[in-house]
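Notes follow once the structure below has been shown.
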2 protein chains.
Amino acid sequence: MWQQRLRRADLHQKIMPAEQAVQYIKAGMTVGMSGFTRAGDSKAIPVALAAKSATQGPLNLTLYTGASLGNNSDGLMAESGVLARRAPFQVDADMRRSINEGKVLFYDQHLSELAEHLRAEPGYPIDVAVIEAIAITEEGHIVPSTSVGNSATFVSQAKKIIIELNTAMPAGLEGYHDVYLPKTRPGREPIPLTDVSQRLGTQAIAVDPERIVAIVLTDTLDSPSTATPPDAETQAIAKHIVSFLEGEVAAGRLTESLLPLQVGIGSIANAVTQGLVESNFKDLTMYSEVLQDSAFHLLESGQLKFASASSITVTAPMMEHFFANLDHYRDRVVLRPQEISNHPEIVRRLGIIAINAALEFDLYGNVNSTHVSGTKMMNGIGGSGDFARNAHLSIFVTKSLAKGGAISRVVPMVSHVDHCEHDVDILVTDQGLADLRGLAPRERAALIIENCVHPNYRAALADYFERACARGGHTPHLLEEALSWHQRFEDQGDMRQKEVALS
Amino acid sequence: MWQQRLRRADLHQKIMPAEQAVQYIKAGMTVGMSGFTRAGDSKAIPVALAAKSATQGPLNLTLYTGASLGNNSDGLMAESGVLARRAPFQVDADMRRSINEGKVLFYDQHLSELAEHLRAEPGYPIDVAVIEAIAITEEGHIVPSTSVGNSATFVSQAKKIIIELNTAMPAGLEGYHDVYLPKTRPGREPIPLTDVSQRLGTQAIAVDPERIVAIVLTDTLDSPSTATPPDAETQAIAKHIVSFLEGEVAAGRLTESLLPLQVGIGSIANAVTQGLVESNFKDLTMYSEVLQDSAFHLLESGQLKFASASSITVTAPMMEHFFANLDHYRDRVVLRPQEISNHPEIVRRLGIIAINAALEFDLYGNVNSTHVSGTKMMNGIGGSGDFARNAHLSIFVTKSLAKGGAISRVVPMVSHVDHCEHDVDILVTDQGLADLRGLAPRERAALIIENCVHPNYRAALADYFERACARGGHTPHLLEEALSWHQRFEDQGDMRQKEVALS
């Protein structure tokens with residue numbers, strides 16, 4: 001079966017087991033691996049690297065990817081000494097622990113930017129690129145699988161390339177990809193994209209086959225999505241957003257087809273997209289980084305006309321459905337490099353409606369997307385910053401409570417800022433929505449207290465705000481109390497003051 | 001003399017004194033005024049509005065501008081009840097007090113974004129635009145003076161237009177402007193700029209003359225720049241930057257002409273640009289929002305080939321020199337709308353080297369540009385966010401100390417975040433430079449302590465970092481102490497602990 005996929009005969013001799021292919025990856029090297037939101041990641045090389053590290057000593061690699069990997073590859077590599085440094089994103093529990101213990105040095109980066117940083121380096125800053133493919137063309141070019149991510153950049157910037165040819169992925173994925181990258185500076189031209197469905201590049205990643213040093217055959221599917229189905233709170237969030245967007249249409253600021261939607265990854269984002277299925281919007285488009293189950297529901301309901309992304313991350317049943325209907329979706333879905341799916345130039349030009357999840361937000365609209373209690377890394381900023389800064393509407397969503405009510409997601413001051421007040425238009429919790437556009441900080445605080453915070457924390461937040469205002473300032477705060485809710489949670493396991501907790 | 005400037009005869013009848021022109025500005029209206037970094041602002045209408053407000057009661061206007069106004073107009077309007085709401089930037093001491101007392105509601109915004117927000121509104125969201133001009137063409141189109149700012153947007157979005165025709169400004173400024181604005185969405189095309197010197201639009205702001213309701217004659221120059229000459233600390237900062245850029249050239253990451261420079265407004269920024277005069281860089285270009293004295297020095301030294309900006313804000317002698325040599329500079333300077341001078345699409349495409357001033361930064365590279373002690377507004381974020389997020393290099397500069405040493409500009413945790421860790425590549429003080437690219441937070445902290453903090457605060461910052469690391473986390477902090485330096489300054493007027501202050 002792999003013979004039909006490896007269409008350039010002189011590359012047949014490069015086929016070898018993963019255990020042999022990792023000879024090209026030596027201690028201290030910089031490696032770029034395919035994979036974005038658990039889709040299209042390398043399946044065999046991480047396992048072989050862990051084995052090599054276990055027998056030959058720590059490899060201490062610098063590892064770049066598109067975004068998160070599946071198959072617990074990140075955890076396996078972190079735990080076995082494969083990695084010294086990691087960028088730009090991860091979601092693995094074991095990797096997270098290593099990062100927070102300072103064992104793996106993590107560089108958390110806007111997902112559109114890694115490609116620029118690599119392109120700015122002279123020579124080949126990547127020693128080895130490891131790229132999952134569904135086929136290799138007659139020219140030796142690489143056809144990616146369920147994500148494009150940074151793969152095209154890694155291939156162009158790598159001294160050597162290892163391809164994982166995955167025969168578990170359907171050959172029919174060929175044609176879904178549109179590979180286009182900006183050129184070096186100076187003299188770079190505009191990215192000519194003006195419509196979400198437009199194709200700019202090639203169906204495969206061009207490469208000089210001389211740099212392909214190994215081809216490893218695999219037949220494992222992506223790890224399925226871990227997004228949970230909508231619940232009462234996430235459905236409430238979705239309803240608030242639909243209702244707000246209906247208001248924008250009524251006010252003449254949007255049409256019934258809105259503007260292209262970007263929706264982050266995870267259960268809340270999935271629920272928000274799902275909520276659009278019950279709306280009256282028509283001819284919607286999506287210009288996002290990842291397509292979850294809900295995007296396919298919206299394509300099926302007919303409301304979504306076209307979806308552009310960098311990866312497809314769905315549940316096992318949806319993956320089966322998608323693979324069985326590749327021709328059905330072929331003219332309505334395109335996968336692009338993450339530099340293009342997330343590019344500020346395009347986000348601003350198209351006027352995207354960006355919906356991303358917050359870990360917490362504060363009285364004045366600052367958003368923390370990454371750090372638990374200001375110190376412990378959760379996943380990373382991902383693409384949220386690529387979208388929020390330049391979006392037509394920058395919407396952040398979170399449940400109002402966490403840990404059974406011990407945590408309020410709305411706090412006096414966020415313990416870490418990923419999205420500052422200047423980049424946040426709309427905040428939504430299950431309690432309601434605050435439209436912060438054009439408002440001064442004191443006005444935002446009043447709206448957020450009224451609409452977003454959970455009733456269990458409302459009085460305490462209003463009290464903080466009132467006492468802070470008495471002290472004055474454009475953005476009133478009580479510095480000695482600003483982070484006290486987080487401190488209380490760290491000390492006592494509950495943000496509520498004792499007397500409040502008892503009530 | 002004004003007769004030659006007002007080249008459309010049927011507009012002569014619209015000439016009237018400012019006191020009469022303000023009849024069109026009524027209580028509660030939204031007004032858009034020209035003016036960017038004290039350049040090209042309306043000179044007569046603010047005074048007339050203050051008088052009207054004093055006699056007829058508070059006007060409570062919403063006032064938009066390009067950026068800051070000169071002539072204490074902002075203070076005068078704030079103090080006299082002219083303003084209820086203000087965006088997107090200001091630098092006036094009296095206005096600042098009104099904002100911090102909550103009397104004027106200030107919406108602090110990225111300077112490239114106000115135009116998008118207004119364009120997204122249906123109808124004419126501006127009631128009256130007040131625009132300084134050096135001439136009105138035969139078609140009735142408006143030729144701006146020393147800034148373009150948001151003037152073209154205000155004109156296109158305003159029901160009525162008042163023009164201040166300023167005969168103190170030389171007629172020879174005509175031809176310096178390039179007026180181009182993005183179109184509405186969907187269907188917007190790429191901004192075709194690929195070189196800093198490229199012209200995209202027209203020399204004047206097109207307008208239907210029917211909407212011009214008044215023309216007021218003025219003859220007052222702009223308020224001169226308040227930037228102070230370079231001192232020992234700002235010269236040290238400039239040297240660190242020049243030396244760093246030389247290293248980038250040596251490493252093959254930049255050529256001797258670097259990439260287009262953006263330099264913020266103020267004394268430090270002016271000194272940094274001045275420092276380039278003594279460098280060996282050649283054929284430099286500038287794609288900035290404002291040109292200060294140093295930009296003209298660099299044009300004169302021959303190192304700067306071309307400068308694009310939205311305004312010219314210089315000292316009185318430099319203004320005199322510039323006005324006397326308009327033909328000499330004509331093919332080396334262009335003034336654009338601030339949406340274009342600051343546009344993320346262009347910043348990313350050109351790969352700008354962005355140098356902006358920080359109020360303070362922290363151990364991990366987060367930058368506060370706006371809030372004193374996390375609460376009191378200084379000026380606003382200005383264009384720094386437009387540039388920093390998408391720059392090839394995002395550099396932030398500050399003196400290591402302020403208030404005679406009572407304030408360290410390098411703190412454990414900034415009290416407000418305008419530029420998060422993801423948007424900051426390089427930090428510079430008089431003490432040295434920290435290159436944070438690709439580093440994890442703990443590595444950044446070590447470099448910042450070593451290179452940037454003043455020796456008087458180094459031990460205390462190192463002690464904080466060490467104790468925070470012992471507690472763990474990707475970004476180690478002691479929440480109960482994170483803002484204690486600011487608290488100490490608020491309580492005791494000095495960030496140093498007593499025993500340290502005595503040493």
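Reminder, nothing fancy here: chain letters follow the sequence lines and each chain counts from 1.
In terms of heavy atoms, B:H474 sits closest to A:F106 at CE1-O, 3.2 Å. A pairwise comparison of heavy atoms in B:P344 and A:N390 identifies CG-OD1, 3.2 Å as the closest pair. The shortest heavy-atom contact between A:R442 and B:N100 is NH2-O, 3.4 Å. The minimum heavy-atom distance linking A:P192 with B:P190 is given by the pair CA-CG, 4.4 Å. The shortest non-hydrogen separation linking B:H392 to A:A120 is CE1-CB, 3.6 Å. Nearest approach of A:G472 to B:T375, heavy atoms of both residues: O-CB, 4.3 Å.
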| For A:H371 and B:T475, what are the C-alpha separation, side-chain angles and deciding distance, and is it a side chain to side chain donor-acceptor pair (under 3.5 Å)? | CA-CA 8 Å; A:H371 282 71; B:T475 303; 2.7 Å; yes
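Contacts between A:R86 and chain B at a heavy-atom distance below 4.5 Å are absent for every atom of the residue. Only the side chain of B:L259 comes within contact range of chain A, judged by heavy atoms closer than 4.5 Å. A:S112 touches chain B through backbone and side chain together, each having a heavy atom under 4.5 Å away. For a residue to count as touching a neighbouring chain, one of its non-hydrogen atoms must lie under 4.5 Å from one of that chain's; by this rule B:L254 does not touch chain A. Interface residue B:R85: only side-chain heavy atoms are found under 4.5 Å from chain A. Using a 4.5 Å cut-off between heavy atoms, A:R444 contacts chain B through its side chain alone, with no backbone atom that close. Residue contact with chain A, scored on non-hydrogen atoms closer than 4.5 Å, involves the backbone and the side chain of B:D418 alike. With a threshold of 4.5 angstrom between heavy atoms, B:R471 does not approach chain A through any atom at all. With a 4.5 Å cut-off on non-hydrogen atoms, A:L114 does not touch chain B at all.
Screening A:R389, A:R349, A:R348 for a salt bridge (charged side-chain N to carboxylate O under 4.0 Å, His left out) with B:E345, the sole residue that qualifies is A:R349.
The most heavy-atom pairs under 4.5 Å with chain A, out of B:A251, B:P476, B:P441, B:A440, come from B:A440. Contacts with chain A were tallied for B:H343, B:M413, B:R437; B:H343 has the most, counting heavy-atom pairs under 4.5 Å. When each of B:H486, B:K376, B:E116 is scored by its heavy-atom pairs under 4.5 Å with chain A, the top score falls to B:E116. Of the listed residues A:E101, A:R185, A:E480, the one with more heavy-atom pairs under 4.5 angstrom with chain B than any other is A:R185. Between chain B and the options A:Q487, A:H477, A:M377, the largest number of non-hydrogen pairs under 4.5 Å is found for A:Q487. When each of B:H419, B:E421, B:Q109, B:H110 is checked for heavy-atom pairs under 4.5 Å with chain A, B:H110 comes out on top. Between chain A and the residues B:N366, B:L193, B:D423, the most heavy-atom pairs under 4.5 angstrom are made by B:D423. For chain B, the option among A:C469, A:G102, A:P186, A:A87 with the highest count of heavy-atom pairs below 4.5 Å is A:G102. Here B:D108 is the residue among B:I99, B:D108, B:V104 with the most heavy-atom pairs under 4.5 Å with chain A.
The number of heavy-atom neighbours closer than 6.0 Å to CD of A:Q198, taken from other residues, nucleotides and ligands shown, is above 12. With a 6.0 Å radius and a threshold of 12 heavy atoms from other residues, nucleotides or ligands, B:Y180 has its OH atom above the threshold. Within a 6.0 Å radius of CD in B:E466, no more than 12 heavy atoms belonging to other residues, nucleotides or ligands are found.
Ring planes of A:H416 and B:H422: perpendicular class, angle over 60° (limits at 30 and 60°).
The closest side-chain heavy-atom distance from B:R188 to A:T194 is not below 4.5 Å. Two residues are said to be in side-chain contact when any heavy atoms from C-beta on lie closer than 4.5 Å; A:E443 and B:L105 meet this criterion.
Rounded to the nearest 0.5 Å, atoms CD1 (B:I381) and SG (A:C420) are 5.0 Å apart. Going from atom CZ of B:F489 over to atom CG of A:L479 covers 12.0 Å, rounded to the nearest 0.5 Å.
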